[in-house]
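Taking it in order: structure first as structure tokens, then the write-up.
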Amino acid sequence: MRMLDKIEFYYFSPTGGTKKAGQIFCEGFAKETVFRDLSVQGAEAAQTESEWIVVAAPVFGGRIPGVVTEKLKKLHGEGKKAVTLAVYGNRAYEDALLELNQTLEGQGFRVEASAALIAQHSMAPEVAKGRPDEQDRKEILDFAENVLDKIKEGLGTPVKAPGNVPYKAAMNMPAAPVSLPSCTGCGTCEKACPTGAIVMKDGTAAADLEKCILCMACTAACPEHARVLPPPLSERMEQMLGALKDVRRENEFFL
Ligand SMILES: Cc1cc2nc3c(=O)[nH]c(=O)nc-3n(C[C@H](O)[C@H](O)[C@H](O)COP(=O)(O)O)c2cc1C
Ligand code: SF4
Ligand code: SF4
């Protein structure tokens with residue numbers, strides 16, 4: 001009976017790693033999880049009904065993607081409690097966890113526990129490949145136990161996440177994935193794009209560089225594997241991140 005009865009799990013997970021890591025936590029934290037996907041194009045997040053929420057967002061350039069923050073800023077916390085998870089690709093999470101917490105606190109939630117978790121890098125999949133793995137799973141489930149202990153002990157002070165204010169400048173890369181000739185024009189990527197950046201044109205998918213946040217949802221969704229980063233950008237990522245292939249960063253937990 002230690003687990004909570006019901007929680008709502010708000011997540012933004014263009015390529016699935018954030019959801020996977022957050023879901024492990026939810027499994028150990030509550031008997032029932034209601035999923036609230038923040039990536040649905042143009043849709044506002046449903047208001048919170050449960051006493052506890054779990055919020056998981058990926059780290060983009062050391063920050064939380066703006067589209068996520070905008071949606072969270074429509075929620076009414078009214079003293080409800082939150083566990084926050086910033087999920088990053090083995091480089092660094094910088095100001096992202098602090099930003100996530102401050103956003104939720106600004107909406108009236110009490111952030112009781114937080115974690116910075118590792119998942120496979122969505123732009124350089126050889127980095128942190130396969131994570132969260134079995135070891136991560138064990139650590140995340142232990143963390144869920146520890147949060148339940150904190151609740152049993154009557155909660156204490158809200159959690160303090162590392163990071164700086166002002167936050168580092170938001171990533172600004174006017175680029176987007178491109179479609180290969182094998183694109184069939186099926187439109188799956190258009191529906192999957194959280195920012196509405198893709199329009200179907202002449203039987204292929206074209207992205208508006210101003211709207212694209214390089215989240216990689218379209219590449220993950222394409223059934224033909226026909227959506228890729230432009231080769232020069234892909235090479236740059238490889239140069240920037242290649243050295244992290246052999247590094248294993250550890251998950252960090254804050255209570
Ligand atoms: C545009 C972009 C920027 C990213 N910036 C960072 C970063 O600053 N630090 C890092 O460690 N990982 C970074 N990553 C990797 C993601 O945080 C990581 O792969 C995350 O798990 C992606 O979530 P998803 O699998 O739910 O899409 C970035 C990925 C993308 C697409
Ligand atoms: S076009 Fe850009 S914003 Fe849209 S899914 Fe692809 S990478 Fe993400
Ligand atoms: S999902 Fe793939 S095949 Fe379908 S339109 Fe997009 S790029 Fe083309």
Side-chain angles (χ1 to χ4, degrees), residues 11-23 37-41 56-68 85-97 99-100 116-132 136 163 167-230 233-234 236-237 240-241 244 247 249 251-252:
Y11 63 94
F12 180 81
S13 189
T15 70
T18 306
K19 185 178 180 189
K20 186 175 170 193
Q23 227 176 322
D37 186 355
L38 297 170
S39 72
V40 184
Q41 214 181 92
V59 176
F60 283 7
R63 297 281 307 273
I64 297 298
V67 58
V68 179
L85 311 171
V87 182
Y88 72 109
N90 213 42
R91 186 189 69 79
Y93 62 93
E94 293 163 305
D95 303 327
L97 191 56
E99 180 182 18
L100 185 56
L117 306 176
I118 320 288
Q120 182 165 305
H121 201 296
S122 49
M123 284 180 123
E126 291 302 315
V127 175
K129 200 173 178 59
R131 294 185 73 183
D136 294 316
Y167 311 135
K168 74 177 282 196
M171 208 187 79
N172 181 15
M173 231 192 265
V178 291
S179 297
L180 298 172
S182 50
C183 166
T184 60
C186 70
T188 303
C189 55
E190 185 187 23
K191 291 190 199 85
C193 175
T195 66
I198 299 180
V199 283
M200 299 308 297
K201 214 170 136 195
D202 304 326
T204 189
D208 177 341
L209 302 192
E210 294 291 315
K211 287 190 185 168
C212 178
I213 57 167
L214 276 171
C215 72
M216 310 299 282
C218 52
T219 60
C222 177
E224 308 296 330
H225 307 288
R227 191 112 183 123
V228 296
L229 282 179
L233 181 55
S234 179
R236 218 168 92 211
M237 286 299 140
M240 273 171 60
L241 302 168
L244 292 172
V247 175
R249 296 234 193 283
N251 302 305
E252 290 174 51

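Remember, it's 1-based here, ligands and their atoms both numbered in the order they're listed. As a basis for the values below, the full set of heavy atoms in this structure was taken, side chains included, without hydrogen atoms, waters or symmetry mates.
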Looking at [X], which atoms of ligand 1 are within less than 4.0 Å of one of its heavy atoms?
| X | answer |
| --- | --- |
| Thr18 | 23 (O), 24 (P), 25 (O), 26 (O) |
| Pro14 | 26 (O), 27 (O) |
| Gly61 | 3 (C), 4 (C), 5 (N), 6 (C), 7 (C), 8 (O) |
| Val87 | 17 (O), 20 (C), 21 (O) |
| Ala119 | 21 (O) |
| Met171 | 1 (C), 3 (C) |
| Gln120 | 18 (C), 19 (O), 21 (O) |
| Ser13 | 24 (P), 26 (O), 27 (O) |

Can you pull out the closest protein heavy atom to [atom]? Residue, atom name and distance to 0.1 Å, please.
| atom | value |
| --- | --- |
| atom 11 (O) of ligand 1 | Arg91 N, 2.9 Å |
| atom 6 (Fe) of ligand 3 | Cys189 SG, 2.3 Å |
| atom 7 (S) of ligand 3 | Ser179 OG, 3.6 Å |
| atom 1 (S) of ligand 2 | Ile198 CG1, 3.5 Å |
| atom 4 (Fe) of ligand 3 | Cys186 SG, 2.3 Å |
| atom 3 (S) of ligand 3 | Thr184 N, 3.4 Å |
| atom 8 (Fe) of ligand 3 | Cys183 SG, 2.4 Å |
| atom 2 (Fe) of ligand 2 | Cys212 SG, 2.3 Å |

Indicate, as side chain, backbone, both or neither, the part of Met123 found under 4.0 angstrom from ligand 1 when only non-hydrogen atoms are considered.
side chain
Contact partition for Ala92 relative to ligand 1, non-hydrogen atoms under 4.0 Å
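It is the backbone that gets close, since no side chain atom is under 4.0 Å.
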Geometric N/O contact [X] with ligand 1, under 3.5 angstrom:
| X | value |
| --- | --- |
| Val59 | yes |
| Met216 | no |
| Leu214 | no |
| Lys19 | no |

At under 4.0 Å between heavy atoms, is it the side chain or the backbone of Leu214 that contacts ligand 2, or both, or neither?
backbone
Is a side-chain donor-acceptor pair under 3.5 Å present for Asp37 with Ser39?
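Note: Ser39 and Asp37 side chains meet the donor-acceptor criterion.
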May I ask you to list the atoms of ligand 3 that are less than 4.0 angstrom from any heavy atom of [X]?
| X | answer |
| --- | --- |
| Gly185 | 5 (S), 8 (Fe) |
| Thr188 | 1 (S) |
| Glu224 | 3 (S) |

What atoms of ligand 2 come within less than 4.0 Å of a heavy atom belonging to Cys215?
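Reading through ligand 2 atom by atom, the close ones are 3 (S), 5 (S), 7 (S), 8 (Fe).
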For ligand 2, which atoms sit closer than 4.0 Å to a heavy atom of Thr195?
3 (S)
Is the backbone of Arg63 close enough, under 3.5 Å, to the side chain of Glu99 for a donor and an acceptor to pair up by distance?
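Checking the backbone N and O of Arg63 against the side chain of Glu99, no donor-acceptor pair under 3.5 Å is found.
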So, 4.0 Å and heavy atoms of [X]: is ligand 3 close enough to count as a contact?
| X | answer |
| --- | --- |
| Ala221 | no |
| Pro223 | yes |
| His225 | no |

Do Lys168 and Asp95 sit within salt-bridge range, that is, some charged N less than 4.0 Å from a carboxylate O?
no
To check you understand the geometry: which heavy-atom pair defines the closest contact between Thr204 and Cys183, and what is its length?
OG1-SG, 3.4 Å
Please report the closest heavy-atom contact between Thr15 and Cys215, naming both atoms and the distance.
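For Thr15 versus Cys215, the nearest heavy atoms are CG2-O, 3.9 Å.
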Confirm or rule out an N/O/S atom of Cys218, from backbone or side chain, lying less than 2.8 Å from atom 6 (Fe) of ligand 3.
no
From atom 12 (N) of ligand 1, work out which of Ala21, Ala124, Ser122, Gly89 has a heavy atom at the shortest distance.
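The option holding the nearest heavy atom is Gly89.
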For ligand 1, is there an atom lying under 4.0 Å from some heavy atom of Lys20?
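It does not; every heavy atom stays at 4.0 Å or beyond.
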Reported CE-to-CG distance for the pair Met216 and Leu229, which is rounded to 0.5 angstrom:
3.5 Å
Say you draw a straight line from NZ of Lys191 to CE of Met200; how long is it, rounded to the nearest 0.5 Å?
9.0 Å
Is the number of heavy atoms from other residues, nucleotides or ligands within 6.0 Å of CZ (Arg236) greater than 12?
no
Heteroatom test (N, O or S) for Cys222 near atom 2 (Fe) of ligand 3, limit 2.8 Å:
yes
Say whether Pro177 and ligand 2 are in contact under the criterion: heavy-atom distance to a ligand atom below 4.0 Å.
yes
Considering only heavy atoms from C-beta outward, does the side chain of Ser234 approach that of Val228 to under 4.5 Å?
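No, too far: nothing below the 4.5 Å cut-off.
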